[in-house]
Structures are given as structure tokens and as C-alpha cells.
Amino acid sequence: MAEIKVRSREEILKEKTERERFIVGCRMEKMQEEYENAVRNKRWDKNRECYVNREGEPVVPRRDIVHDDVLLVVPRSDEYYSNVVKDKTYVKRLDKIIRDAMTTKLRKRNEERMKKNIENLVDDLKKAAEEVKVEEKMKDGVEKAKEKVVEKEAVTEKQQVEEVKKEKESSIEVKVESSTDVAGNVVDEKQQKEADQTKTEANTKVPITEVLKKSECQQEECRGSLARKEEAAGPCDG
């Protein structure tokens with residue numbers, strides 16, 4: 001099997017004749033005309049960010065066309081006529097190949113823009129993923145905080161119940177002590193009253209005895225006085 005030799009870019013360009021170079025010049029002039037017509041008619045494609053001809057194909061100014069890129073794809077006359085005879089669609093396909101070569105810069109720019117858009121999209125997806133992770137962490141933190149608050153509230157409520165219970169127990173103890181004190185005071189007051197009454201009765205008995213004694217003495221004195229008076233008067237006359 002014969003080895004197929006791959007020619008370099010420089011070797012292919014050296015083989016080109018004045019005919020191929022003339023064709024390149026004509027195609028570049030035609031592209032310039034299409035570009036100027038597109039600008040005058042404001043046929044701007046927002047998606048591809050370029051001007052287009054009536055058929056919607058991208059057009060560029062002559063300054064953006066790389067001459068050797070176009071010359072590289074233009075076939076020599078023998079190759080051209082040979083392919084025309086073999087393939088009826090060759091002329092149309094060759095025209096597209098030449099147009100693509102003339103818009104190489106535009107295609108590279110679009111490829112770079114697309115690559116940049118993809119990179120930005122990837123970055124946005126990464127940021128979105130990070131934001132989701134952060135949001136999930138925040139949600140976890142909020143849930144944990146809520147759990148802590150619930151636990152704290154439960155503990156606080158339990159403490160409040162215990163405090164209320166203790167207050168009730170203390171209140172009951174105070175009431176019991178108060179009742180005991182009242183009962184004790186009542187007993188003490190009753191005992192004091194009884195003691196006071198006994199003392200009063202004792203104090204009362206002494207004066208009565210003394211009064212009785214004084215009364216008896218007074219009666220005796222009266223009797224003696226009467227007797228003395230009778231003796232002094234003597235027997236009555238007659």
C-alpha cells in the first residue's frame with residue numbers, strides 16, 4: 001500500500017499559480033461589496049453578532065479576510081475541472097468552503113465567544129451549586145438553632161413548672177405555719193384570759209372578806225354603843 005504524503009501549508013501555497021491568486025482577489029472584492037450592502041441595509045444578526053447578505057450568510061470586511069487561508073482552499077485548474085466532472089455539487093460545495101475560509105476570523109471569534117459563554121455557564125453552575133450548599137448549610141444551621149431554642153424552651157418551661165410547684169409548696173407550708181401560729185395564739189390568748197380571770201377572782205375575794213369583817217366590826221360597835229346608852233339611862237320610871 002502506497003504511503004500517502006501529507007503536505008505542509010507552505011508546500012501547498014507554493015504550488016498555487018497566478019490563476020488561483022486572481023480568484024482569491026476577486027472573491028475578496030465580492031465579499032467586501034456584500035458587506036457594504038449589508039451595512040447599508042442594516043442586516044445585522046444579533047445571535048451571530050455579524051452582518052449577513054440576502055441569503056443570510058455571514059459577511060465580513062476585506063480587512064478581516066486572511067488571504068493565504070483563502071488561497072489554501074482554492075484548487076488548481078486541473079483539480080477543479082476534474083472534480084466538476086466527477087461531482088455536480090462540487091461547485092456549490094467549493095463556494096461554501098471559500099466563504100468559510102474568508103470568514104475564518106469571524107468563526108474563530110464566535111468559537112471563542114461560545115467557549116467563553118460555556119465557561120461562564122460552568123462558572124455560574126458552580127456558583128449556583130456553591131450557593132445551594134451554603135443555603136443547605138444555612139438551613140441546617142437554622143434547623144439546629146430551632147432545635148436548640150425548642151430544647152431551651154422545654155427546659156425553661158420545666159424550670160417554670162418546678163418553680164411554680166415549689167412556690168405552691170412554700171405557700172402551703174406558710175399557710176400551715178400561719179394556721180399553727182394562729183392556733184397557738186388562740187390557745188395562749190385563752191390561757192391568758194383564764195389566768196386573768198383567776199387573778200380577778202382572787203383579787204375580788206379579798207375585798208369581800210375585808211368588807212364582811214368591817215361590817216361585823218361595825219355591828220359589834222353599834223351593839224356596844226346601844227348597850228352603853230341603856231346602862232347610862234338606867235331603869236325607866238314608872
Side-chain angles (χ1 to χ4, degrees), residues 1-140:
M1 184 176 179
E3 183 179 355
I4 300 174
K5 184 179 179 181
V6 179
R7 294 179 296 170
S8 65
R9 177 185 175 93
E10 289 73 18
E11 289 176 342
I12 296 173
L13 291 174
K14 285 180 179 180
E15 293 177 354
K16 300 299 179 179
T17 65
E18 289 299 323
R19 171 187 168 275
E20 287 82 49
R21 295 178 187 278
F22 176 78
I23 292 174
V24 171
C26 292
R27 295 301 296 264
M28 291 175 67
E29 286 296 330
K30 184 178 179 181
M31 176 66 76
Q32 178 66 28
E33 291 175 2
E34 290 181 357
Y35 174 78
E36 291 174 357
N37 182 270
V39 172
R40 282 195 302 270
N41 291 279
K42 299 179 180 179
R43 289 193 295 268
W44 175 259
D45 190 321
K46 293 181 179 179
N47 295 326
R48 290 179 289 182
E49 296 184 357
C50 66
Y51 286 99
V52 295
N53 60 14
R54 292 185 180 86
E55 289 75 26
E57 296 172 329
V59 291
V60 294
R62 185 186 182 95
R63 63 177 179 273
D64 289 344
I65 300 174
V66 180
H67 181 275
D68 286 352
D69 287 347
V70 182
L71 181 61
L72 194 66
V73 298
V74 174
R76 294 181 61 179
S77 57
D78 54 347
E79 181 183 355
Y80 174 79
Y81 290 112
S82 174
N83 289 326
V84 167
V85 172
K86 294 177 182 178
D87 186 0
K88 294 180 180 180
T89 63
Y90 177 73
V91 175
K92 188 175 181 180
R93 289 191 295 106
L94 180 61
D95 182 69
K96 186 178 185 309
I97 291 171
I98 294 173
R99 293 189 70 88
D100 288 344
M102 288 190 290
T103 57
T104 298
K105 279 189 175 183
L106 179 62
R107 288 188 295 104
K108 286 182 178 179
R109 189 204 68 184
N110 291 339
E111 289 173 359
E112 289 176 357
R113 183 167 57 86
M114 187 178 294
K115 183 180 178 181
K116 186 66 176 178
N117 290 338
I118 293 173
E119 290 176 354
N120 292 335
L121 179 61
V122 172
D123 291 337
D124 291 340
L125 292 174
K126 288 181 179 179
K127 289 179 181 178
E130 290 176 358
E131 289 176 358
V132 170
K133 289 180 180 179
V134 171
E135 187 175 354
E136 289 178 353
K137 288 181 179 179
M138 290 178 66
K139 286 183 179 179
D140 292 339

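Any value given below was found using the heavy atoms of this structure, including those in side chains, with hydrogens, waters and symmetry copies removed.
In this structure, CG on N110 lies 10.0 Å from CG on N117, to the nearest 0.5 angstrom. Interatomic distance, N47 CG to E49 CD, rounded to the nearest 0.5 Å: 9.0 Å.
Partner of L13 under the side-chain contact (heavy atoms from CB on, under 4.5 Å) criterion, chosen from E15, E11, R9: R9. None of M28, Q32, M31 except one satisfies the side-chain contact (heavy atoms from CB on, under 4.5 Å) rule with P61; the exception is Q32.
Between K115 and E119, some side-chain heavy-atom pair lies under the 4.5 Å cut-off. For the pair F22 and T17, the minimum side-chain heavy-atom distance is 4.5 Å or more.
Electrostatic pairing of R99 and D95 does not count as a salt bridge here, judged by no charged N lying under 4.0 Å from a carboxylate O.
Scanning all heavy atoms of the two residues, the minimum distance from A38 to V52 falls at CB-O, 3.2 Å. For the residue pair V59 and E34, the shortest heavy atom distance occurs at CG1-OE1, 3.5 Å.
Remark: Y35 engages Y51 in a ring pair (Phe, Tyr, Trp, His ring centres under 6.0 Å) (not counting sequence neighbours).
Formation of a donor-acceptor pair under 3.5 Å by the N41 side chain with backbone atoms of R43 is not found in this model. Counting only distance, with no hydrogens or angles, the side chain of K16 and the backbone of D68 share no donor-acceptor pair below 3.5 Å.
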